[in-house]
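Some notes on the structure that comes next.
Here the structure is a predicted model, which means the values were calculated and not measured. Side chains are part of it too, since the values below use all heavy atoms of this structure and drop only hydrogens, waters and symmetry mates. Each chain gets a letter, A, B and so on, in the order its sequence line appears, and its residues count up from 1.
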Amino acid sequence: MNLVLLIEQLLNGLQFGVMLFLMAAGLTLIFGVMGLINLAHGSLYMIGAFAAAAVASATGSFTLALMASLAAAALAGVIVEMVVIRRLYDRDHLDQVLATFALILIFSEGTRWVFGSFPIYLDVPAALSGGVNLPFGIRYPAYRLAIIGIGLVVAFGLFLLITRTRIGMRIRAGESDREMIGALGVNIAVLYTAIFALGAALAGFAGALVGAIQSVEVGMGEPVLILAFVTIVIGGIGSIRGAFVGALLVGLTDTMGRVLLPILFRAFMEPSAATAVGAALASMSIYILMAAILLFKPTGLYGSA
Amino acid sequence: MRRETLINTILTLGLLAVPLVAWAMDETYAITLATEVVILALAGVGLNLALGLGGLVSLGHAMFFGIGGYAAGILASHAQSYDPIMEWPFLIEGTQSMPVIWLLAIVASALVALATGALSLRTSGVYFIMITLAFGQMFYYFTISWPAYGGEDGLSIYVRDRFPGLNTLDPIQFFGLCFVLLMVCLFIVARLSRSGFGLALNAARQNETRVRAVGIEPYRLRLMAFVISGAITGLAGALYADLNRFVSPVMFSWHTSGEIMVFVILGGVARLFGPVAGAALFIILEEALDGVSDYWHIYLGALLLIVVLFARGGLIGLLAGRNGGGGHD
């Protein structure tokens, strides 16, 4: 295990964490303001990736593809919110879980219908396809580095949006008292649709960015969705700051666990068994992390009781 | 006779009649489908105890379904290869005897339910939903990455496990076995829900503060309900493994948890026979729509959406009227 590999994996973990944040931010905003648990968030991620792949293959432009992912996911978000989600705000969590589970079935099968079951590929833009030389003689893929950069910029932008703008003020007011801001003359229906669309756009954007390094396929959103849930449970549901810290924790734990645990077990086991035990434990590591955090703080790191 | 009792009776008789007619007509496939309904209904009966009576929205019941399945798969695979599970400190061999497998499936899933429930029940609401989901996923990824028992490819049970005095390879006899187990579990759940334990559990769902005020600790009640619920779903998992003669990590996936919950909701939450009606409807839809379109999950999704948004009592609620069952509000 050398330093170069360790730093590379740290960067991978960071990249993974930043992508998780884009998913988790939308989930936690939607829960924080509307009190809604949205299982279909992974479908919006998938829609963003498919829209990007379709536009990229039609026009060849990655920038247009990214814009398409934002637009498609936001549009899907607006439609879903106005047709279905709006009816769920006053329902209990069970109904929300079921209705959004139903949405997943519809979106997944609908996408399969349009695009088929085979994965499609979205190419990394030519300008970012090479590697970048970093200090200590590390060469790291430029595209992954760009993802980290974009993710951090988006996180900062989201922070500014929420703390410095009028719509951010309304979002924060919505988190503290939903009825009151309605009474003060804010159009809640429009605000809710806007927040849902914002969360959807972030998820779709993440899907498009990740789509270029993985394959774009039906069901790609679900593993990410569950990790995003783990993230916001760790961070405290409703807290953007919690989502950021949680995303980095989950991203780093998962990535580093996969690299370090097999090596750790190799110290006192034979190599093949060490790889198996290490891999099995690594795949469980973030859930163990979550259980441990909930044991001490049942509402997550930054959650309010 | 109350309308719901009438519906339950018709449902039971129908569930019994379909495979018998199919048996007379030598239609093995229909018997297998009916067996699948019975087993999935049993998994739903387990979840319904936690969800309907206890108000515990668990999105991780696939965990118990999978543990039951793997209990059957692992014991049978060791019996098939004559390779003992462990030799030291004492010899444990694999087995193909159903009663032993069932017992182990029940005990194993109850123990896991005790451990995960003790942790998850410290939280409530959305946190509970998500933490149960996460525990289920933990098992899912564990079985995928653990190579000893087939990993991602799963395990095959070459010959269906045996039950003393019966030929389980005969579809109608295996159906009968599963049907009796479903009836026994329904009876147990019905008795439980009318017992002091069930009444207190129901009360804790409706108003936790009042239950505390009369000196009952909701946490213990819920943990107990979660454990029994997990054990029943685990038993269903063991039967499901024997039905398909195959277990794979898919049994642990969160789609399985979602589907078990769908049976409960389609049938009607907190209705004793809700999961039976729901599982039957699910399998009928699957068979009917699969022929119409390859993408039948779209219609299932749409139907589920309509039930959740507009017909909240599920199938039994629709037929028996809203004021029949325990009520879910």
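When heavy atoms are compared at a cutoff of 4.5 Å, A:Leu225 approaches chain B solely by way of its side chain, counted from C-beta outward. Neither the backbone nor the side chain of A:Leu281 comes within less than 4.5 Å of any heavy atom in chain B. Contacts between A:Val230 and chain B at a heavy-atom distance below 4.5 Å involve the side chain alone, from C-beta outward. Contacts of A:Ile104 with chain B are made by side-chain atoms alone, with heavy-atom separations under 4.5 Å and no backbone atom involved. For A:Met290, the part sitting under 4.5 Å from any heavy atom of chain B is the side chain, from C-beta outward, and nothing else. Heavy atoms closer than 4.5 Å to chain A are found in the side chain of B:Val57, but not in its backbone. If you measure heavy-atom distances from B:Leu133 to chain A, the contacts under 4.5 Å come from the side chain alone.
The CD atom of B:Gln137 sits 9.0 Å away from the CD atom of A:Glu222 when rounded to the nearest 0.5 Å. Note that OG of B:Ser253 and CD1 of A:Ile226 are 8.5 Å apart. Values are rounded to the nearest 0.5 Å. Note that the CE atom of B:Met130 and the CZ atom of A:Phe31 stand 7.0 Å from one another [nearest 0.5 Å]. Within the model, atoms CG of A:Asp95 and CG of B:Leu309 stand 8.0 Å from one another, a figure rounded to the nearest 0.5 Å. B:Leu119 CG to A:Leu294 CG: the interatomic distance, rounded to the nearest 0.5 Å, is 8.0 Å. To the nearest 0.5 angstrom, A:His93 atom NE2 is 10.5 Å from B:Tyr127 atom OH.
Contact record, A:Leu105 with B:Leu300: CD1-CD2, 3.8 Å, taken as the closest heavy-atom pair. Of all heavy-atom pairs spanning A:Ala102 and B:Leu304, the tightest one is CB-CD2, 3.7 Å.
Among the candidates B:Ile306, B:Leu305, B:Thr123, the residue making the largest number of heavy-atom pairs closer than 4.5 Å to chain A is B:Leu305.
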For this session: Given side chain to side chain contact (heavy atoms under 4.5 Å, CB included), test B:Val126 with A:Val233 step by step and report yes or no.
Result: CA-CA 9 Å; B:Val126 198; A:Val233 167; over 6 Å; no
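Using the six-membered ring where Trp is involved, A:Phe101 and B:His255 have ring planes that are tilted, between 30° and 60° apart.
Evaluated for a side-chain contact (heavy atoms from CB on, under 4.5 Å) with A:Tyr287, the options B:Phe139, B:Tyr141, B:Phe135 yield exactly one hit, B:Tyr141.
Considering only heavy atoms from C-beta on, A:Leu39 comes within 4.5 Å of B:Leu59 through its side chain.
At distances below 3.5 Å, at least one donor-acceptor pair connects side-chain atoms of A:Arg91 with backbone N or O atoms of B:Val308.
No more than 12 heavy atoms of other residues, nucleotides or ligands sit less than 6.0 Å from atom CG of A:Asp90. Counting non-hydrogen atoms of other residues, nucleotides and ligands closer than 6.0 Å to CD of B:Glu152 gives a total of 12 or fewer.
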